[in-house]
Amino acid sequence: MFALMRSVWDEPRPVRAAARLWWDWALVALLLPVAVLETVLRPELSARVGSLVLAVGLLPLLLLRRSRPLLAVGVVFGVTAVASLVFWGEPGLNVMIYLVLFPFSLFRWGSGREAVIGLAIMLGKVGLSAALGFLSAGEAVAGSAVLGTACALGAAVRYRARARARELDQVKLLERERLARDLHDTVAHHVSAMAIRAQAGLATAASRPEAAIEALGLIESEASRALTEMRTMVRALRHDEPADLAPSPTVADIERLASPGRPGPEVDVRIDGAVEDLPKSVGTAIYRLTQESVTNARRHARHATRIEVRVTVGDSSVRLRVSDDGDTGHLRGTSAQGHGLIGMTERAGLLGGRCEAGPNPGRGWTVTAVLPLTGSAA
């Protein structure tokens, strides 16, 4: 029990949120006239002016609820406690229901010790009002339940966001691992070529001295390519898993994704440009992005009849476009923003490029990616 309490007390703040967002300002701007209208339209309201001043005066604290949640809770519940003593009763404006946003924000954005201190402040305010007779026992229980629900919702959103962040980190790490595997195969290919050229040069050096010079030139070229490929690894680490002995796919392998005679939407592939000159890391990345895009289209493009794959090699970059003619709806949009696109974006970014996806103006969904021919991280 003590260990649990200690862990709650030591809980750090989550990743810092924006100090305030546009809807915070919009909420303040909306609640201000609502408070004024309620004050005017409720003739039975007691302490009319004081209640309005209290409701309006606490509104700016909504702008601090993310960056300073404990301060906001302390000021709000401290001021309302003092106001209860001044009015000798609880403020009667219904608009002050917005106060539940403060316990929510405390448990969403505050640290563990801030949450514990803030909860004590809130329960102290409810207990004071109940002790002075401003709240009946039922009202005190109901008020505590409302505060507890707001706190629970804040904590639930907090830990859901944390789980989502960890999940996305795992997807990115997996994509980095795959990229490291592909680049490892590429670098190994270059190093093997260097070794073979060196052996050939040594074997023929006595009879043909010029062969050694040719071998050195080829070794220098292969070494430069290997160094370029290695720079793209960007600290991508490989976990202790069985090695994948299959050769890394290239742009030429995209043709295998075409599906004549297979069930499902037809996959039409067209490749333009000198793909044989592409760095192996770029060619493998284009294949992986195409494979993931076609797989997503087959799974999520409802009523799709055709998937078009276009690869164009330019002077400085290679461009990929994968589009389908399926229905675009809420379900499609949600799935397209899932782990597949996150991994694709991560891989393209590691190679200094970009990858985007979105619905077409009419029907269908399109994924576009542009990678520099250097295959180097930006």
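Please read all numbers here as calculations on a predicted model, not as lab measurements.
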Checklist entry - Can you list every pair that meets side chain to side chain donor-acceptor pair (under 3.5 Å) and has a residue in residues 147-156, with sequence neighbours left out? => result none
Item to check | Cluster companions of V157 among Ile, Leu, Val, Met, Phe, Trp, Tyr (side-chain spacing under 4.5 Å) | outcome: F104, L153
Checklist outcome for this item: Of all heavy-atom pairs linking L373 and G314, the shortest is CD1-O, 3.5 Å
Checklist entry - Thinking salt bridges, do D268 and R310 make one under a 4.0 Å N-O criterion? => result yes
Next on the checklist: Determine whether M96 and L54 satisfy the following criterion, side-chain contact (heavy atoms from CB on, under 4.5 Å), listing intermediate values before the conclusion.
Outcome noted: CA-CA 9 Å; M96 292 190 69; L54 180 65; 3.9 Å; yes
Item to check | Distance-minimising heavy-atom pair for I271 and V251 | outcome: CD1-O, 3.6 Å
Next on the checklist: Return the CG to CG distance between L128 and L123, rounded to the nearest 0.5 Å.
Outcome noted: 12.5 Å
Item to check | Heavy-atom check, side chain of V267 versus side chain of R298, under 4.5 Å | outcome: yes
Next on the checklist: Run the side-chain hydrogen bond (donor to acceptor under 3.5 Å, both in side chains) test against T295 and tell me which residues pass, sequence neighbours left out.
Outcome noted: none
Checklist entry - Does T80 reach the side chain of L58, with side-chain heavy atoms less than 4.5 Å apart? => result yes
Item to check | Sequence-distant partners of S105, side-chain hydrogen bond (donor to acceptor under 3.5 Å, both in side chains), two or more places apart | outcome: R65
Item to check | side-chain contact (heavy atoms from CB on, under 4.5 Å) between L62 and L31, worked out | outcome: CA-CA 11 Å; L62 288 172; L31 290 175; 4.0 Å; yes
Checklist entry - Quick one: side-chain contact (heavy atoms from CB on, under 4.5 Å) partners of A29, sequence neighbours excluded? => result none
Item to check | Partners meeting side-chain hydrogen bond (donor to acceptor under 3.5 Å, both in side chains) with T368 (sequence neighbours left out) | outcome: none
Item to check | Shortest non-hydrogen contact from I307 toward P265 | outcome: CD1-CG, 3.8 Å
Checklist entry - Are W25 and V95 connected in the hydrophobic side-chain network, where two residues link if heavy atoms are under 4.5 Å apart? => result yes
Item to check | Straight-line distance of I117 CD1 to M122 CE, nearest 0.5 Å | outcome: 11.5 Å
Checklist entry - What heavy-atom pair brings C151 and L119 nearest, and what distance separates the two atoms? => result SG-CD1, 4.5 Å
Checklist entry - Any side-chain heavy atom of Y98 sitting closer than 4.5 Å to one from L27? => result no
Checklist entry - V53: what forms a side-chain contact (heavy atoms from CB on, under 4.5 Å) with it, not counting sequence neighbours? => result V49
Checklist outcome for this item: Rounded to the nearest 0.5 angstrom, the CG-CG distance for L147 and L106 is 11.0 Å
Item to check | Over all atoms of both residues, closest heavy-atom pair of S129 and S84 | outcome: OG-OG, 4.4 Å
Checklist entry - For T305, does its backbone N or O pair with a side-chain atom of D325 as donor and acceptor, under 3.5 Å? => result yes
Item to check | Partners meeting side-chain contact (heavy atoms from CB on, under 4.5 Å) with V370 (sequence neighbours left out) | outcome: S317, R319, R354
Checklist entry - Listed by chain and number, what are the side-chain contact (heavy atoms from CB on, under 4.5 Å) partners of A348, not counting sequence neighbours? => result C355, L371
Item to check | Partners passing side-chain hydrogen bond (donor to acceptor under 3.5 Å, both in side chains) against Q291 (at least two apart in sequence or in another chain) | outcome: none
Item to check | Considering all heavy atoms, the nearest A55-A35 contact | outcome: CB-CB, 4.5 Å
Next on the checklist: Nearest 0.5 Å, please: how far is CG in L101 from CG in L61?
Outcome noted: 12.0 Å
Next on the checklist: Given 3.5 Å as the limit, does a donor-acceptor pair link the side chain of R158 with the main chain of F107, or not?
Outcome noted: yes
Next on the checklist: Nearest 0.5 angstrom please: T284 OG1 to L289 CG, how far?
Outcome noted: 10.5 Å
Checklist outcome for this item: dist E255:CD -> R270:CZ (nearest 0.5 Å) comes out at 11.5 Å
Checklist entry - Below 4.5 Å, heavy atoms only, C-beta onward: do E114 and V73 meet side chain to side chain? => result no
Item to check | Same cluster (ILVMFWY, side-chain, under 4.5 Å), V141 and V126 | outcome: no
Checklist entry - Heavy-atom distance under 4.5 Å between the side chains of V309 and L320, does that happen here? => result yes
Checklist entry - What's in the same ILVMFWY side-chain cluster as I97, cut-off under 4.5 Å, chained through other members? => result V100, V146
